[in-house]
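Worksheet for the structure shown next.
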Amino acid sequence: MTDYLDRLNPEQRAAVETLDGPLLVLAGAGTGKTRVLTTRFAHILLSGRASPGQVLAVTFTNKASREMRERVAVILGRPVEGLWLGTFHALCARMLRRHAEYVGLTSSFTILDTDDQLRLLKQVMELHRIDTKRWPAPGLMGAIQRWKDRGLGPGGITAAEDTDYAGGKARQIYADYQERLRQLNAADFGDLMLHIVDILRSRPDVLAQYHRMFRYILVDEYQDTNTVQYLWLRLLAQREATAANICCVGDDDQSIYSWRGAEVENILRFEKDFPGATLVKLESNYRSTAPILAAASALIAHNEGRLGKTLRPGLADAAGEKLLVASVWDSDEEARLVGERIEALHRDGHTLSEMAILVRAGFQTRAFEERMITLGLPYRVIGGMRFYERAEIRDAIAYMRAMNQPSDDLAFERIVNVPRRGVGDVALQALHQIARAERIPMTQAVLRLLETGTLKGRVREQLGLLMAALGRGREALAHGRQGDGDERLAGGAHLRVVETLLEESGYVEMWRRDKSPDAPGRLDNLKELVRALADFDTLGGFLEHVSLVMENDENAGADRVNLMTLHGAKGLEFDNVFLPGWEEGLFPSQRTLDEGGNKGLEEERRLAYVGITRARKRALISHAANRRIYANWQSSVPSRFVDELPAEHVEQMGSAAMAREQMRHAPTVFSGQFPLVAHRPRVVEAWEQPARPARSSTIAVGARVFHQKFGYGVVTGADDNRLDVEFEKAGFKRVLDSYVDPVASEAAS
DNA sequence: GTCGTTGCGTTTTTT
DNA sequence: ACGCAACGAC
């Protein structure tokens with residue numbers, strides 16, 4: 001019965017079996033975090049310490065919840081019912097529906113999406129006569145969200161904090177916005193957390209109810225919690241009588257979401273928050289080779305303020321290749337190099353789906369996509385296309401598929417009763433039976449049922465209308481294809497056909513009649529979808545594109561190179577990982593450095609750590625000497641993270657490496673110009689221009705500068721990297737030197 | 001309402 | 001340079 005424990009190593013086993021009192025499991029990358037979490041969950045249930053309803057298990061994403069649910073069921077050998085397992089927001093929504101009246105809502109409140117939130121806030125701002133040019137609504141929306149992340153309602157905002165938005169009226173607008181939400185019986189995502197924390201704080205009886213209910217609390221990715229999530233957990237876990245059985249699993253070295261409110265401090269402070277807490281470190285890594293682990297460990301060791309943990313190889317055979325660091329001339333050469341390497345690995349029998357290109361920012365994927373297309377390598381871009389995951393979009397696409405391909409049973413099944421046409425289980429079973437028996441598609445089966453008169457009344461009528469709409473659409477598409485005479489008539493014909501189909505089938509009407517606050521947004525999405533059709537010549541072409549872009553369907557298993565951001569790669573692993581663009585300014589990102597200072601730098605370094613630890617067997621890091629940013633080419637310096645990798649585990653390659661070799665033997669004028677000292681021991685590339693670091697020192701008081709937003713001006717004062725500038729149009733401003741460019745004085749006129 | 005022009009921003013993303 | 005959003009004109 002306890003054989004599931006035997007498959008754990010001693011540290012994992014300690015994490016599973018330490019059931020009493022607070023427990024922090026520090027789980028390094030690839031150390032079996034998910035296994036520990038799910039095994040612990042199952043162990044609590046199997047040991048009889050709690051029933052499913054007495055365990056609260058929290059994750060950040062729906063995907064993580066789903067996985068946990070599935071894996072617990074596997075260990076238990078059956079699906080589990082009645083679990084309090086879900087995302088922070090899903091669980092809070094569930095709680096809030098039980099106690100909504102305490103915050104002036106009813107249990108059927110609606111949850112607003114981002115668009116709705118912004119629309120609503122704009123309305124409120126306009127009522128306050130705020131000039132939304134000067135104070136853009138998204139800025140204030142962000143501020144309100146950050147306040148909510150910190151657990152602050154309108155009453156919690158001090159006057160001192162209310163200076164940066166809407167001319168000091170932010171607090172008042174925030175209050176009105178909340179009032180409007182209440183009138184609409186709606187909550188935004190932040191409210192789900194904020195309201196329930198309010199209730200737990202102000203209603204001891206409600207809190208006591210949950211204290212009695214939850215014997216164990218499990219939290220995944222604790223390093224990503226924000227303040228209000230932390231408060232919620234603390235309220236639920238800290239009780240007077242007994243010690244809190246709260247178990248948080250996380251990795252401070254993988255905290256990469258501070259920009260959306262996550263507080264690394266939460267995990268660093270755990271032992272203070274929960275006195276008597278046990279700390280278990282999982283450091284045995286079962287994913288990567290020794291060189292990869294050594295490189296990742298050396299890199300992350302440059303961070304301060306860590307709980308401290310070192311990954312050690314746990315695989316039987318952890319020997320492996322050194323990391324490759326490639327210096328290339330420009331981004332084109334970088335894409336070429338990565339492409340070549342992928343091709344070579346592919347030739348050697350490595351599957352493409354075991355390769356991933358991980359970039360810092362979304363726009364970087366484009367160069368690699370183009371290269372993949374040229375080489376004919378199939379790829380997929382992960383993330384960024386969540387649009388296609390919305391229910392109304394999936395429905396609409398199912399309509400298109402069912403029209404385009406009458407044998408597409410999956411699509412037809414999705415839409416046959418959306419909107420409701422009275423097709424219930426019975427009718428559906430009958431359809432299945434005929435389809436199977438006659439070996440015909442569902443659409444044919446429907447026609448058969450309509451002919452035989454088996455279906456009656458409203459169902460018959462409704463299905464008849466649907467089939468007619470689909471049939472007319474199909475016919476119109478066929479005509480569009482034949483009519484090759486008039487280009488303009490043919491082009492865009494599929495667009496109108498789809499519009500007509502969505503109208504005639506009653507699908508659009510369904511959302512128009514829907515009175516929930518998110519219905520208008522969904523109609524907008526549908527319009528957007530039809531607009532996207534215009535980019536394709538045929539409906540088939542569009543559907544092909546969509547099927548490539550849509551995740552988790554039939555295409556998920558195809559052998560493709562993975563392209564994604566470093567953030568998107570968290571939690572994933574690949575045999576071969578490519579890490580391009582390791583250049584100062586790009587990675588670490590200049591903007592993060594400007595806004596976040598040393599904390600920002602450390603988060604970027606954690607991102608680099610996440611990137612390297614995604615690799616099982618091989619990692620290639622590259623940096624280009626020249627990169628095109630917006631309009632013009634800029635020379636760039638290799639990222640400081642490259643210098644932080646241990647030399648003994650790294651192999652240099654590429655054109656720049658050769659140039660460097662040459663320079664070492666024959667020093668030139670360049671070696672005098674660039675001091676080769678201290679924290680940058682490696683030789684700079686021969687073609688390197690004095691880039692960002694050098695430029696700031698050239699801006700002195702009296703210099704004429706140009707700023708993207710404020711225009712031309714003259715520097716009147718300087719303090720470290722902050723400049724006082726008197727702009728011609730915008731007046732006096734204090735700006736960061738990285739935002740202005742020096743201008744030659746004759747260029748002024 | 002829909003089209004065309006202007007102007008601004010341009011890291012990372014989940015719920 | 002480019003794309004998208006917001007605004008004004010028809």
Side-chain angles (χ1 to χ4, degrees), chain A residues 58-66 86-94 96 110-119 122 126 131-134 136-139 142 145-146 148-149 187-194 196 220-221 224-226 228-229 232 254-262 358-366 382-387 389-390 518 524 527-528 531-532 535 564-571 581 583 585-596 600-601 603-608 610-611 627-634 707-711 739:
Chain A
V58 202
T59 66
F60 271 88
T61 63
N62 289 311
K63 188 169 160 238
S65 297
R66 219 179 307 126
T87 63
F88 276 99
H89 291 90
L91 291 166
C92 284
R94 184 168 165 193
L96 191 53
T110 17
I111 300 167
L112 261 47
D113 69 16
T114 333
D115 293 347
D116 301 325
Q117 291 172 36
L118 200 59
R119 266 196 290 272
K122 250 188 202 158
E126 273 155 19
D131 175 9
T132 48
K133 278 250 172 55
R134 191 160 146 71
Q145 258 156 19
R146 283 190 298 277
K148 288 183 177 179
D149 285 345
D188 66 19
F189 284 117
D191 284 343
L192 297 177
M193 299 290 323
L194 193 62
I196 203 72
D220 192 13
E221 307 277 20
D224 288 337
T225 49
N226 62 34
V228 72
Q229 287 161 341
W232 181 72
Q254 293 188 66
S255 166
I256 54 173
Y257 285 112
S258 74
W259 48 272
R260 66 181 198 208
L358 310 181
V359 295
R360 176 63 182 81
F363 70 85
Q364 290 173 266
T365 59
R366 200 149 129 207
I382 294 181
M385 258 305 174
R386 271 177 311 287
F387 177 72
E389 282 164 25
R390 293 161 177 261
D518 57 334
D524 283 348
K527 267 194 197 151
E528 179 75 27
R531 239 179 48 202
D535 296 337
M564 67 192 94
T565 63
L566 286 161
H567 284 91
K570 190 166 163 224
E583 293 138 40
L586 184 59
F587 188 41
S589 134
Q590 189 60 46
R591 191 154 163 191
T592 302
L593 261 35
D594 289 344
E595 288 168 5
L601 172 64
E603 182 150 315
E604 293 285 297
R605 192 178 279 115
R606 291 194 289 268
L607 201 48
V610 166
R627 192 169 292 273
R628 208 185 152 105
I629 295 176
Y630 309 133
N632 38 357
W633 286 91
Q634 287 190 356
H707 187 282
Q708 281 290 323
K709 199 160 161 190
F710 304 133
Y739 285 118

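In the text below, chain A, chain B and the rest are named by the order of the sequence lines, each starting its count at 1. All heavy atoms count here, side chains included; hydrogens, waters and symmetry mates do not.
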**OP:** Verify the neighbour count for atom CZ of R366(A): are there more than 12 heavy atoms of other residues, nucleotides or ligands below 6.0 Å?
**Re:**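 For R366(A), atom CZ is not crowded (no more than 12 foreign heavy atoms under 6.0 Å).
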Nearest-neighbour nucleotide for the [X] side chain, [options] considered:
X       : options                   : value
T61(A)  : dT14(B), dT11(B), dT13(B) : dT14(B)
H89(A)  : dT11(B), dT15(B), dT13(B) : dT15(B)
T565(A) : dT11(B), dT12(B), dT15(B) : dT12(B)
Y257(A) : dT10(B), dT12(B), dT13(B) : dT13(B)

Subject >> Aromatic-base stack, W259(A) on dT12(B), cutoff 5.5 Å, angle under 30 >> reply: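 Yes, W259(A) stacks on the base of dT12(B).
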Original post:
Between K148(A) and D188(A), is the closest basic N to carboxylate O distance under 4.0 Å?
Top reply: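 So D188(A) pairs with K148(A) through a salt bridge.
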Mind calculating the distance between [atom1] ([X]) and [atom2] ([N]) to the nearest angstrom?
X       : N       : atom1 : atom2 : value
D149(A) : dT13(B) : CG    : P     : 17 Å
K63(A)  : dT15(B) : NZ    : C1'   : 15 Å
R360(A) : dT13(B) : CZ    : C1'   : 12 Å
R591(A) : dT10(B) : CZ    : C1'   : 8 Å
L91(A)  : dT15(B) : CG    : P     : 13 Å
K570(A) : dT11(B) : NZ    : C1'   : 16 Å
Q634(A) : dT10(B) : CD    : C1'   : 13 Å

**OP:** Taking atom P in both dT12(B) and dA5(C), compute the distance separating them and give it to the nearest angstrom.
**Re:**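 15 Å, rounded to whole Å.
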Original post:
Between dT13(B) and dC2(C), how far is it from one P atom to the other, in whole Å?
Top reply: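 Per the computed distance, 24 Å lies between those P atoms.
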**OP:** Using a heavy-atom cut-off of under 4.0 Å over every strand shown, decide if G362(A) touches base, sugar-phosphate, or nothing.
**Re:**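 It contacts sugar-phosphate atoms only.
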Original post:
With a 4.0 Å cut-off on heavy atoms, is K148(A) in touch with a base, just the backbone sugar-phosphate, or nothing at all?
Top reply: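 No contact.
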Original post:
Could you spell out the base pairing of DNA chain B in dot-bracket, with Watson-Crick or G-U pairs whose two distances are under 3.5 Å, [ ] crossing and | to another strand?
Top reply: ||||||||||.....
**OP:** Tell me, please, which residues at least two apart from W259(A) pass ring pair (Phe, Tyr, Trp, His ring centres under 6.0 Å).
**Re:**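 Once residues adjacent in sequence are excluded, the partners of W259(A) under the ring pair (Phe, Tyr, Trp, His ring centres under 6.0 Å) criterion are Y257(A), H567(A).
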Original post:
Using a cut-off of less than 4.0 Å, is there contact between a side-chain N or O of K122(A) and OP1 or OP2 of dA6(C)?
Top reply: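 Yes, K122(A) has a side-chain N/O under 4.0 Å of OP1/OP2 on dA6(C).
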Original post:
Counting only side-chain N and O atoms of N62(A), is one of them less than 4.0 Å from OP1 or OP2 of dT15(B)?
Top reply: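 Answer is yes, contact under 4.0 Å.
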